[in-house]
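Read through the structure below, which is laid out as structure tokens, and then see the notes.
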Amino acid sequence: MERQPNIVFMLADNLGVGDLSCFGGAVPTPRIDQLAAEGTRLTNFNTEAQCTPTRGALLTGRMPIRTGTFRVPLPGEPGDYGLCNWEYTVADLFSDAGYATACYGKWHLGDVDGRFPNDQGFDEWWGITESSDTASYSAHRLFPEEWPVPKIHEARRGEPQKAEVDFDLQTRPLMDEGIAKRTVEFIERNAGAGKPFFIYASFTNLHPPMIPHPDFDDGRGAYSANVRELDVRTGQILDALDEAGVADDTIVVWASDNATSAAMGGSSGVWRGKFGGGWEGSIRTPAMIRWPGRVPARVVSDEIVATYDWLPTLAALAGESDRVPDDRPIDGIDMSEFVLGEREQSGRESFVFLGSDGEPLSVKWKDMKVHFKEAMSDSWTAPLLKRQIPAIYDLGADPGEQNDLMETELTVAWVIAAVMAPLIELGQSAAQYPHVEVGADFQGYD
């Protein structure tokens with residue numbers, strides 16, 4: 001019987017598509033560059049509008065509009081949020097397949113019993129339930145003394161949450177060190193026991209507040225320091241796989257959950273836009289996959305890949321496709337033949353990008369892009385306005401999305417029909433399988 005591959009999924013937070021040196025970035029990232037060279041580097045990897053929706057898509061293989069995770073909740077909003085316990089996550093899948101499972105780092109998919117990582121298929125977890133900006137809350141002079149200070153949590157499956165320490169401006173810069181340390185320990189423990197493992201290492205860099213770890217604070221700025229720390233933490237995890245003798249038996253995926261912005265010091269490369277919009281620079285982030293001897297090395301692909309494609313793809317690579325649910329829509333595509341080099345096409349021709357209002361901002365079809373909405377300004381908090389007529393861009397000829405072909409040529413309106421197809425399909429599917437409402441205790445379809 002063929003050995004089950006281990007899986008390590010490393011996710012950066014708000015790292016731009018132009019931030020790594022293997023993607024043209026100015027900060028050297030030799031360990032991540034080496035990882036990319038040893039596998040397939042994806043230059044057309046597409047994320048969701050915010051942290052919560054990308055993470056929901058990654059874990060379920062479903063569009064976040066389906067799971068009620070299409071936006072980040074605002075502080076103080078009544079009700080629950082995140083993934084309901086009925087959702088079947090990639091951690092559930094690999095746990096059912098006999099894997100040890102762990103989540104370390106940022107969760108952002110629920111902060112009540114039934115919605116923590118150890119309720120969603122992970123044997124153990126350590127990290128923060130919300131976003132990194134909560135580290136700054138208690139430092140504000142008006143933060144009420146009676147309000148609870150955000151915590152770093154820890155728990156095992158079947159056990160209650162333990163608030164380990166305060167998550168504040170002192171512990172914020174130490175988070176990714178803790179994530180890497182626990183990931184290394186989990187690798188050593190399970191490799192030594194001969195048990196396959198699935199690890200979701202969800203880094204907190206480069207989300208504000210960006211406070212450099214003392215080992216990386218060289219006075220050249222927080223963004224540069226945190227990119228370099230990400231590279232070192234990645235290297236520590238890769239070294240642990242080597243030292244445990246399981247590197248050749250481990251699938252490693254590395255990606256970022258969202259785009260960055262120049263205001264924070266990041267780069268979107270040649271693409272227009274930043275975090276919070278519908279432009280390519282708002283959607284594309286770095287991604288790569290390595291599996292020595294199986295995934296071809298030194299491959300660079302511009303095929304469209306979506307965040308929700310990872311669940312069915314990883315399941316297929318591990319020989320566990322039969323565990324992918326068939327009682328709900330799964331939007332991800334099994335791209336195992338593509339990443340194994342058995343075909344050049346990913347199998348995905350389009351990508352629907354939904355805004356934080358749950359409505360389409362833009363839809364990409366092959367090299368063409370149609371915008372239905374646009375932010376009123378460059379700010380990620382700006383209102384979204386519906387266009388009178390959708391804008392159309394040819395990404396192959398115009399990666400900066402400057403030339404609206406509906407304005408300058410009016411010869412390609414037919415492209416709107418091409419991008420309407422996945423939107424119509426989504427609507428038809430939702431009629432049969434209604435979307436899970438935000439915070440709903442959904443129990444399944446009849």
Side-chain angles (χ1 to χ4, degrees), residues 14 16-18 23-24 42-50 53-54 63-65 70-71 258-264 266-286 301-307 345-346 348-428:
N14 289 23
V17 71
F23 280 80
L42 303 170
T43 59
N44 197 348
F45 177 64
N46 299 266
T47 61
E48 302 296 329
Q50 297 175 336
T54 291
M63 296 177 70
I65 190 66
F70 59 87
R71 67 177 179 89
N258 290 123
T260 184
S261 74
M264 291 190 291
S267 169
S268 298
V270 301
W271 307 102
R272 178 179 178 180
K274 61 178 185 178
F275 177 79
W279 309 104
E280 284 298 284
S282 312
I283 302 171
R284 296 195 193 208
T285 70
S301 174
D302 198 49
E303 286 288 297
I304 299 175
V305 178
T307 309
Q345 294 74 36
S346 68
R348 178 170 296 286
E349 286 195 339
S350 63
F351 176 73
V352 174
F353 186 69
L354 301 176
S356 58
D357 58 358
E359 297 184 2
L361 256 68
S362 57
V363 181
K364 180 160 51 181
W365 176 74
K366 299 186 178 181
D367 283 342
M368 305 299 289
K369 180 92 167 286
V370 176
H371 288 255
F372 294 94
K373 286 188 173 184
E374 194 168 319
M376 284 184 66
S377 74
D378 246 4
S379 170
W380 73 277
T381 65
L384 298 172
L385 295 181
K386 185 176 181 180
R387 300 181 64 95
Q388 292 187 62
I389 302 295
I392 302 178
Y393 298 93
D394 181 341
L395 298 176
D398 179 26
E401 292 174 277
Q402 299 294 325
N403 181 28
D404 176 6
L405 297 175
M406 288 295 286
E407 183 75 28
T408 61
E409 294 186 14
L410 197 56
T411 59
V412 290
W414 60 269
V415 174
I416 298 173
V419 304
M420 286 299 295
L423 294 176
I424 292 170
E425 183 179 345
L426 175 63
Q428 292 172 339

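Nothing here was measured: the structure is a model prediction, and the numbers come from that model.
By the salt bridge (charged side-chain N to carboxylate O under 4.0 Å, His left out) test, E48 pairs with no residue at all, sequence neighbours left out. With sequence neighbours excluded, the residues satisfying side chain to side chain contact (heavy atoms under 4.5 Å, CB included) with S377 are S379, A382. Among residues two or more places apart in sequence or in another chain, the salt bridge (charged side-chain N to carboxylate O under 4.0 Å, His left out) test is passed with R272 by none. Remark: F275 engages W380 in a ring pair (Phe, Tyr, Trp, His ring centres under 6.0 Å) (not counting sequence neighbours). For D367, there are no side chain to side chain donor-acceptor pair (under 3.5 Å) partners two or more places apart in sequence or in a different chain.
Applying the side-chain hydrogen bond (donor to acceptor under 3.5 Å, both in side chains) definition to pairs two or more places apart or across chains, those involving residues 411-426 are E409-T411.
The aromatic ring centroids of Y393 and W279 lie less than 6.0 Å from each other.
At distances below 3.5 Å, at least one donor-acceptor pair connects side-chain atoms of S346 with backbone N or O atoms of I304. Between the side chain of S282 and the backbone N or O of G273 there is no donor-acceptor pair closer than 3.5 Å. A donor-acceptor distance shorter than 3.5 angstrom exists from the side chain of D398 to the backbone of Q402, with no hydrogens or angles considered.
The OG1 atom of T54 sits 10.5 Å away from atom CD1 of I283, with the distance rounded to the nearest 0.5 Å. Distance check: E349 CD to E303 CD gives 9.5 Å after rounding to the nearest 0.5 Å. The CE atom of M406 sits 9.5 Å away from atom CZ of R387, with the distance rounded to the nearest 0.5 Å. Within the model, atoms CE of M376 and OG1 of T381 stand 11.0 Å from one another, a figure rounded to the nearest 0.5 Å. To the nearest 0.5 Å, atoms CD1 (I65) and CG (L426) are separated by 7.5 Å. Atom CZ of R348 sits about 10.5 Å away from atom NZ of K364, to the nearest 0.5 Å.
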Should H371 and I392 be marked as a side chain to side chain contact (heavy atoms under 4.5 Å, CB included) after you check the CA-CA gap, both sets of side-chain angles, and the distance that decides it?
CA-CA 7 Å; H371 288 255; I392 302 178; over 6 Å; no
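Shown here for G355 and L361, the closest heavy-atom pair between the two residues is CA-CD1, 3.2 Å. Nearest approach of W365 to A418, heavy atoms of both residues: CD2-CB, 3.6 Å. Nearest heavy-atom pair across K369 and S362 is CE-OG, 3.3 Å. Nearest heavy-atom pair across D357 and F70 is C-CE1, 4.0 Å. The two residues M63 and L354 make their nearest non-hydrogen contact at CE-CD1, 4.0 Å. Smallest separation of non-hydrogen atoms from V17 and R284: CB-O, 3.5 Å.
In summary, the side chains of T260 and N14 do not present any donor paired with an acceptor at a separation below 3.5 Å, with no hydrogens or angles considered.
By the 4.5 Å heavy-atom criterion applied to side chains, F372 and V419 are counted as neighbours. Between E280 and L395, some side-chain heavy-atom pair lies under the 4.5 Å cut-off. The side-chain heavy atoms of V352 and L423, taken from C-beta on, include a pair separated by under 4.5 Å.
Under the side chain to side chain contact (heavy atoms under 4.5 Å, CB included) rule, F351 has a single partner from N44, N46, T307, which is N46.
At a threshold of 4.0 Å, the pair E374-K386 does not count as salt-bridged, since none of the basic side-chain nitrogens sits closer than that to a carboxylate oxygen. By the 4.0 Å N-to-carboxylate-O rule, E359 lies close enough to K373 to be salt-bridged with it.
When the shell of 6.0 Å around CD of E407 is examined, it contains 12 or fewer heavy atoms from other residues, nucleotides or ligands.
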